[in-house]
Each structure stands twice: as C-alpha cells, then as structure tokens.
Amino acid sequence: MTRIFLRDLRLGVRAGGGFGLGLAFFLIVVVLVPFGIGPETARLGPVAPGILWIGALLACLLSLDRVFALDREDGALDLLATAPVPLEGVALAKAAAHWITTGLPLCLAAPALAVLLALPWPGHLWLAVSLLAGTPALSLIGAFGAALTVGLRRGGLLLSLLVLPLYVPTLIFGADVARRGAEGLSPLVPLALLGAVSLGCLAILPFATSAALRVNLR
Amino acid sequence: MTRIFLRDLRLGVRAGGGFGLGLAFFLIVVVLVPFGIGPETARLGPVAPGILWIGALLACLLSLDRVFALDREDGALDLLATAPVPLEGVALAKAAAHWITTGLPLCLAAPALAVLLALPWPGHLWLAVSLLAGTPALSLIGAFGAALTVGLRRGGLLLSLLVLPLYVPTLIFGADVARRGAEGLSPLVPLALLGAVSLGCLAILPFATSAALRVNLR
Amino acid sequence: MSALEVRDLAVSRGGVPLLEGLSFRVAPGDALILTGHNGIGKTSLLRTLAGLQPPQAGRVAPGPDRIAFGAHSDGMKATLSVAENLEFWAGLHGLRGGIEGVLEEFDLAPLRDRAAQHLSAGQRRRLGLARMGLTGRPVWLLDEPTVSLDAASVGRFARAVERHLAGGGMAVLATHVDLGLAAPRLDLSTFRAAPEVARGDVFAEGAVE
Amino acid sequence: MSALEVRDLAVSRGGVPLLEGLSFRVAPGDALILTGHNGIGKTSLLRTLAGLQPPQAGRVAPGPDRIAFGAHSDGMKATLSVAENLEFWAGLHGLRGGIEGVLEEFDLAPLRDRAAQHLSAGQRRRLGLARMGLTGRPVWLLDEPTVSLDAASVGRFARAVERHLAGGGMAVLATHVDLGLAAPRLDLSTFRAAPEVARGDVFAEGAVE
Amino acid sequence: MPDLGRYALEVGFAYAATLILLLTLVGITIWRGRRVKRALQAAEGRRHG
Amino acid sequence: MSFSTSFWSLANPARFMSLTARAVPILSVLAGVCLVGGLVWGFFFTPDDYRQGSTVKIIYLHVPAALMAINGWLMMLVASLIWLVRRHHVSALAARAAAPVGVTMTLIALITGAVWGQPMWGTFWAWDPRLTSFLILFLFYLGYMALWAAIDDPDTAADLTSVLCLVGSVFAILSRYAVNFWNQGLHQGASLSLDREKNVADVFYHPLLLSMAGFILLFLALVLAGTRTEIRARRLHALRLRERMA
Ligand code: HEM
Ligand SMILES: Nc1ncnc2c1ncn2[C@@H]1O[C@H](COP(=O)(O)OP(=O)(O)OP(=O)(O)O)[C@@H](O)[C@H]1O
Ligand SMILES: Nc1ncnc2c1ncn2[C@@H]1O[C@H](COP(=O)(O)OP(=O)(O)OP(=O)(O)O)[C@@H](O)[C@H]1O
Ligand SMILES: [Mg+2]
Ligand SMILES: [Mg+2]
C-alpha cells in the first residue's frame, strides 16, 4: 500500500505526471477571473471565497480521471487487482496520492492567490483551513467516481457528472467557512460539519471504491 | 480535410468521445457558482457574464488535450502526416471539429444557463453573440497549444500553462461584450475587436500549428 | 504446491459465449500451450483463469493469488525507468531478492536506467516478461509472450520458463508461433461454444413475453 | 513506377545514431525483408523511409507521398466500427473502389460492424493491415506485420503482399519470424553505426572547451 | 543608515527581496555552470581516457 | 574582421566559448560595480520625494528590473528567429539561457511594484494594465521555460520553444492593448522620456541611470554565462547519448 502510494507520488512528480496540474489550473482560474468579471476590488472581494473554493474543486475534479484510468489503460490495474494487497488499500493509497499531489498544493497556494482576488484579510487563514479540512473529502469522493467510470473509454464527462452532486455538501460548507472567515463571523459550525464530511468519506468510501473497481475489472 | 473534420465530429459524438464534455463542464460551473458565492441576485447578476465566459473558456481548455493526443497515441497522426492532405489542412480541420463539438454547444447553451445566474435580460443575446465570435479563436489557439505539447506524455498541465496567456485578449474582449450588453451599453467596439482576434487567429495559427506538429512528429 | 485444475469451464466475452466444457490439469513442473485461430478466446480464457473475469460455468483452482498474468499490455509506466518499474512490482509482491536476477535473465541490465517509453518493441516486451519472475507465484499465464522478440530473446524466454518449471512452477501460454518449449498443446477449437447454448444468462434461456 | 532507392542512409533515434552507410534498391514487384536483433533500429529505419523522421545523412527516393507505412500502432479508432475506420482512410486517399475488396482479403467481412475496441488482438491486426491496400501507394513499409496473426491469417497476408507486388508494388518488411514470403533478406546488424562517428550534430564533433 | 520614515518596512522589504532574488539567480547560474562543467570534463575524460 | 562576420562566427559553439571566456568575468565585474554603485547611491544618498517619501527609493530596483524583463523577452524573440532562420544552435541556447534571467527580472518588478503599491495605492495588487501585462509576461516566461524542460530532444525543444516565442510575442502585444482597453490604470506613464521637462528630478535620475546600467550588465553577464553552461550541457547530452549506445 505504501508502495503504491509512493509510486503514485513519483509518477505524479515525473514530467507530465500531473503534479501541479491542479495547482496550475487553480492559478489559471484565479488569474482569469478578473479579466472576466472586471478588476474592481468592490466586485472581486465579495465573490472571492466562493471563486477560490470553486477553483479548488474544479482543480480536483480535473485530475480525477488519472487516478485509475492510466493504470487501467496500460494493464497495471489488472496486475494490482491480482497482487497481494487488499483492493481497499489500493483505493485508499490512490486517493491519498491524489490528495498529496492536488489537494495539499492547493491549500498552500490558496492564501497567496487570494491576494489577487482582493480577499479581505482574515479570510486568507480561514480559506486555507477550510481547504485543508475539505480537500481530503474531494479526493476520496473523486476516487470513488473514478472507480465507477474506469472501464469506460475516456469516461471524463460521466465522471464529472457523477461526482458533481457528491461534491455539493463539501463545497457549501467549505465556501461558508471561507466566507464567514472573510466577513469576520465565526466559521466554527460549518468547519465542524466540513470535518465530519471528510471523516465520514474516509471511513466509508474506500470500500465503495474497491467494490466499484472489482466490478469494472470483470 | 472535410473527411478528417467529419471523422473527428463522429468520434466526438460517439460515446466517450468528448462531445458534451465541454458543455457538461460548463453546466457544472454554472451550477456550482451559486453554492460557492451565495444565491443572492445582487451578488450573482454583476459577475454573471464574466463567470459564464470563464466557464466557457475553461470548458474549451479542458477538451484541448484530445485534439491531437488521441491520434498521436494510436498512430493515426503519423498516418495523417503522410496522407495526401496538407498538414495545415489537418490542423484547421481539427480545430474546426473541436469548435463544433465544444464551442458551438456552449454558444447555444449559454443564454439558457445565464438564467440560472440571474443575468439581466439583453445580456443573454450579447453573451451568445460574444461566444459565437470568440470561441473560434479559443479553438484555434488551443489547437496550437495542443500541437506544441503532443509529443509529451500527458502534457495537459503544460498545455494549460501555454495556452492561458494566449487566451487573455479573447477573454477580455469577449467578457466585455457580454458585460456591456448586460448593462445596456453598446458592445460594438469590443465585438469588432473580438472578431478581429478570431479572424487573425484563423489566418495565422493553422500554419504555426502545422509547423509545431511537423517538429513533434520527427 | 498444488496443480492448476480447470473443470468444465465456460468462458464468454462481452456477453458472447466463446468456449465451453473446457477441462485440463497442469501439474507442478508442467506447461500447457494454448492454440486456436484468432478470436477463438485465448485471451478471454487467460483472463478468466487469472480471476479478472468470472467464468460462465465451471471451476478454476487455485485462486488468483497463486497466479501471475502476463497480458499484452504490460502495466509498465512509460516515465519510470526499467529498474524503477521492476522494483515497484518486486516490492508489491514482497520479494526480497532484488531485481538483478531478472535483469540478467532478460538482458535488461544495459537498459536499467532507460525510461520505458524509450525502449524498442522487443525491449519493452522483455521488460514485461521480466516482471513475471518477480511475482513469486507458481502459475504463470502468458498471452503471446514472444511477440516482437528476436530469436535470442525467444531463447532467453524459453530458458526462463524452463527454470520456473524446474522449480515446481506451472505455465499456461497462448501463442500462434513456436515458443521453443517442449510442452503439450491444447487446441481450443474443439471447445468452441455452440451459439445457441448461452449459459449463465437468464434472459437467454427462455422467451420472456 | 520508380524503384525505392536508399543511398548511404544514416538513421538515428532520440539523438543516438543507430544505422549508417545503408544503401539498397527495391525494384517494382520486389520485396525486401529487414532483420536484426531487438533495438537494432528496424522501426527507426522504417520511420525514416516513411518521412516521419529526417535522415541523419543520405537520400531516400521516392518521397513520402508514394509510401504507405504500417506501423505497430495502427491508427484505428476504438469507437468506430471496422467499416467506418477503413472508409475513412479510403476516402482520405481518394480511393473510389470501396472497402469490400480488402474486407474480403483479410476476412473482415463478418466483423464489419464491430467496433475496433471489441476485436481480438489478431482481428485488430488484420484491420490495420487492411488499411494498406486502401492507400493506393506503390511502396508498403510494414513493421512486424504478422504479430498476433494465426497461420491462416499469415497466409492471407502473404497473398495480399504478393498481389500488391504482382501489380508493380514494392514492400519493405521488418520482422523476426517467417512471413511465408519469398524475398531477399537484409540483416541490419552489418550497418550498425559506430558510436564514435556522430553525424549531423555540431556538439558531438569537437570538444567545446 | 538613511531614515526611511514610515515606509521603512516596504522599502527594506523591496531591497531585501530583490537582493535575495538576484543573489539566488547568480548562485544558481554559478552552481549549475560548475556542475555541468565538471560533468562534461568527466565525460570527455571517459571518452579519451 | 567586420562586425557581421565576427557576430556570426559566434554561431560556432567552440568559437563562442573561446570568445566569451574573457567577456563573462569582465562583464560581471562591471555589473557589480554599477549595481552596487547605483543602489548604494540611490539608497543612502538621495533625498525622499515630497509626495512618496522614502518609497521613491524603490525606483532603483523596480524600473531597471521592469526594463530588463521586457528586453529579456525581446532578446529571446530575436534569438529564436535566428535559430529558426539560420539554425545556429548557440542562438537557441542563448534564448534558453535568457529565460530564467528574464523571469527573475519580471518577478523583481512584480514584487517591488506590489510592495510599492501598498503605500501608494493602498493595495498590494490592483488590476492595473501595466501590472496585469507583467503578470501575463510572467506566465509567458513560465510556459516557455516549462516547454524547454519538458522536451528531451534539444533540437525539437529549440524548434517548439521558438515557435511558441513567436506566437507568444504577437499575443503579448495584443494582450497589452486588450488590457489597456479593459482598464484604465493607476500606474504612471514613462517618466524617462526625452522631454526633459517631464523627467524625474535629476537627484533621482542619475543613480537610476547607474543602476539601470548595472542591471543591463548583470543581465548580459548572466545570459552569457548561462549560454556557456547550456552549450556544455548540450555537448554533455551528445556525449551521454554516445556512451549509452556504445
Ligand atoms: C506589481 C506592480 C507593478 C508592476 C508590474 C510594474 C511594472 C512597471 C513597468 C513594466 C515599468 C516600466 C515601464 C516603462 O519603462 O515604460 C514600470 C515603471 C515604473 N513604475 Fe511600476 N509597476 C508596478 C507597480 C508600481 C507602483 C506601485 C509604483 C508607484 C506608485 C510604480 C512606479 C513606477 C515608476 C515611477 C516607473 C517609472 C516609469 C518610467 O520611467 O517609465 N510601479 N513599472
Ligand atoms: N472487449 C470486448 N468486448 C466484446 N467482445 C470482445 C472484446 N474483446 C474481444 N472480443 C471478442 O471476443 C472473441 C474472443 O477474443 P479473444 O481476445 O479472447 O481472442 P483470442 O483467442 O485471444 O484471439 P487473438 O489470437 O486474435 O488474440 C473475439 O471474437 C473478439 O472479437
Ligand atoms: N522514443 C525513443 N527515444 C529514444 N530512444 C528510443 C526510442 N524508441 C526506441 N529507442 C531506442 O532506439 C533503438 C532502436 O529502436 P527501434 O524501435 O528502431 O528498434 P527495432 O529494431 O525496431 O527493435 P524491435 O525489434 O525491438 O522492435 C533502441 O535501442 C531503442 O532503445
Ligand atoms: Mg488474444
Ligand atoms: Mg520495432
């Protein structure tokens, strides 16, 4: 399991592996938003937390189809399924590698990028905290969606559609934490809910993911 | 050339081909935005044209890596390069097919989705017009970026990074048309500029694209 | 080590029955070569033996955890080097011996730091075959293993299989060409499923109306 | 129809010189079989002949527009059916005859509406070979064409090549196995590039400092 | 030391950041130059020796 | 030997190496002198501006860095053209070597500008046209360097990055106009115009010129040193391939 995790990390960091893909996408969104909606601080400020969270979510969404699809294409998934490791472990290792290569960089970069969108001050901190609490759920849910669609040639579209509704609660709580933080209200209630979502995902989803994988390998 | 165009269309429409991928992504963005930034019309209305344009741009960006990569992987690009058609024609046909499968559906769907984001009335029309004038440029620029990165295994990240700054003028003019339209000002000046950008891209980029392809095939 | 036992197996692919009534036994130290024309179902049979698709009927023993499958696509990562690829699989199967043995066996030592994407077709095939020796599993299933290999590499492969058999292993190989191995052949044509008899699908058995 | 002429060709791949001093001539109606161990540069040579990579030195005639290249990956789209795939290539090369001929020739008629992704390895290979006949070009370059083919299909392929040659075509084939074709063989091992002689790269020629 | 007034922090930060960036750039250039030079010498040595 | 023949003889790697071996140390020393001189003069011996207070001292960093950021790109453009037209390897490698220097200059201009913006405009970042086009330039640099890094074969990389540099330049100019159209900004216009009336006061002007000279010399020294390294790396690459084959 650790081995799979480490291999995925290494593959991710290799040229073209996708490390930084999410981050770059996030950066792109943040840079483009002012060109789209206009440069005025009064316009940008209020929507900044929401935009940043949506950007992070999309960045996760986009890198999902690599979670299993690459291994499926070159036959490695068949081999992993018959290797002496539980498939739940494979699922968890892959979700964890996805989080490290996508979610974590987002959490670290978000406060800096928030400056570009004129996010009011204490918001930076809360934005990072909310992402830290929320992105693991995004990776776990995403791995589940990726497992469901792995058999389909370029199931990217379907994957997005399946995962989207599952992402909604995380997005609502997460953006709420960041918004309340930016507006100076207490963000503790949505933060607690957000943490609960992440922990729940961690407890349940690896099993669902491995079940989906098993069906798709047939 | 027409044949390549038609084949690409057919491939796009086949299950998993990517037709609708852009559209679905666009839909996802539009649906998620209210969850992220809050549902109030006063908040959504002013940023709606910008968000819609950014959504359209991202939808284009995401479908770019299929333009040449699939044909490269299965060897079809080698065969096309030695087939009795000019490579510029291949580049143009592929950009056109990308536009039909991605840009055109966006133009048609955008006015309807704009309702969800509380875009004020005359804005719908201008949004559609601006997308119609601008998305061809997005497809052409994107095909150029895709040609640059086609030799690299999963060059998706690099592709986005390369294409992003090239998209900026189109986005600025396009969003400006939509914004002025929504606010009741005359959008003719940016519209003319937007059209000029698209035509300029059409005149120049197929040559750059085919040059890049030729280098990458070596 | 127990023998590979296949009893009255029925195989289908994409819902179409391909083979049925297939029984054979491969004892430790033995190999079996599967033949049959294109599309008869060799690949589908091997996938079924490996536990990757469920049999329509019949039984396979031992279970998938004793079986190593060498398919057409070899699961090697293009951006990792030869050594890194092999080390990953060795580690996953908990093998302590290191990869030097198989690198020698398949003459991959000079290529050990080359990325898999920069290998020629035959070199890449050797890499895929080298993985088999790292699984530590007794039953090898190989689907057209010598594709793209030159004569010297075919010989190297045959010796590797013989060594595996000599150590009490078993091997089932699907092929159209001569592998340079002395082993019984099984022609799958005689087990072709009759089109009318569709097992395992309730909807195929009687009219619904 | 003019002969395929290769004069003093030097081939490299990824910057590494592989072959040099290679000259041969294939007259209309003739075939040439390339052999050589894995990694010698057969695939690279064929890519150079097809105009997909520039030669390091030497000349190839005729130009790429008279040459049809059948590589390992066959450029067939997984989601299109056999007939759709072939029709696309036929149309691209402006062939009017229709695809029925090649469907018959490679026994693909029963599979004509099957999506390419649902073909077995050998069936898919036949599909790739069938494309050659649709290019209408006199020079065929084929890289390990009979991989995965059963004996009957190898025979069918050999007859197709013979028909092409009889019509004044030419063929260059790289292979490790017997193709069932009577044709002269060229062993590439004798043209292996000396490591010290690096042509066409200023940085390899003299010390910079 | 000149009196930078109320903008001491900003001005100081600007100078510090610039100098750090420039020094890093110079450092990387020199370091990489040395490393490549050594590697090249080794390679030439292997070739001739 | 006329200028033009001596310039083109630089295209031979060995010639280039021997011709620049002496130039780099000289340029480095000159750059060091001018930079230290200009910055020390500017930082310690100029008065505060009556409106901007001590922040005016940032100008000695900001303006030269901005200048070299743009000129760096220009140099890459010219070098790319030379490579595409005349296939001189040294030219392509010089373009490659200029990118990291240019991107650092861009970053310095952005950071010093941002720090300057806080006291002057009350915000670290505003979507002013000039700032925005610098951000875009920064992204161009990143993309250009990433493309170089991503491709194994040096000649392929040189070709593709050159095409990117050409197309990118067209779009960079286009962006500049688009951004101006989009937002009228806060940033001042060119203050080093030939019209003496509009120039900044002489007290600021002279150290600024010195510091600019320092940045220019530093740029040249770094690019030449970088090009020398790239040439060696290219030769190393060729030798490694030989070894791998042998
Ligand atoms: C991130 C922020 C900034 C960026 C990217 C930026 C960029 C530039 C550039 C590109 C130039 C050179 C223009 C030319 O030569 O035509 C320049 C010059 C200049 N900038 Fe900035 N700037 C920024 C912020 C500021 C701020 C906040 C101030 C002060 C209020 C400022 C004051 C100046 C001055 C005085 C010049 C000299 C004008 C000239 O001589 O041309 N800049 N800046
Ligand atoms: N993914 C699939 N979905 C549906 N049918 C398939 C699929 N793959 C193969 N088939 C069909 O199943 C049959 C058996 O295929 P299989 O790959 O097992 O044959 P094979 O004996 O391995 O042939 P070959 O020698 O050509 O590799 C073939 O008729 C093929 O067309
Ligand atoms: N993309 C690549 N980049 C760099 N080197 C490569 C690449 N592909 C192949 N090579 C190397 O070039 C050499 C020649 O490869 P080529 O594929 O031409 O060999 P081949 O004769 O076709 O071998 P095979 O019989 O195994 O197919 C090999 O040593 C291989 O390792
Ligand atoms: Mg098979
Ligand atoms: Mg080959």
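Throughout, protein chains are lettered first and strands after them, A, B, ... in sequence-line order, and every chain is numbered starting at 1.
Neither the backbone nor the side chain of Leu52(A) has a heavy atom closer than 4.5 Å to any heavy atom of chain B. Only the side chain of Ile54(B) has a heavy atom closer than 4.5 Å to any heavy atom of chain A. Heavy-atom distances place both the backbone and the side chain of Val33(A) under 4.5 Å from chain B. For chain B, the nearby parts of Ile51(A) are the backbone and the side chain; heavy atoms of each come within less than 4.5 Å.
Residue Leu32(B) is tested with Leu57(A), Ile172(A), Leu61(A) for a side-chain contact (heavy atoms from CB on, under 4.5 Å); the sole match is Leu57(A).
Interface summary for chain B: among Val168(A), Val29(A), Leu27(A), the most heavy-atom pairs under 4.5 angstrom belong to Val168(A).
Counting all heavy atoms, side chain and backbone alike, Gly36(B) lies closest to Ala175(A) at O-CB, 3.6 Å. Minimum heavy-atom separation, Ser160(B) to Ile28(A): CB-CD1, 3.5 Å. When all heavy atoms of Ile37(A) and Val47(B) are compared, the closest pair comes out as CG2-O, 3.5 Å.
For the atom pair Asp176(A) CG and Phe35(B) CZ, the distance stands at 12.5 Å (nearest 0.5 Å).
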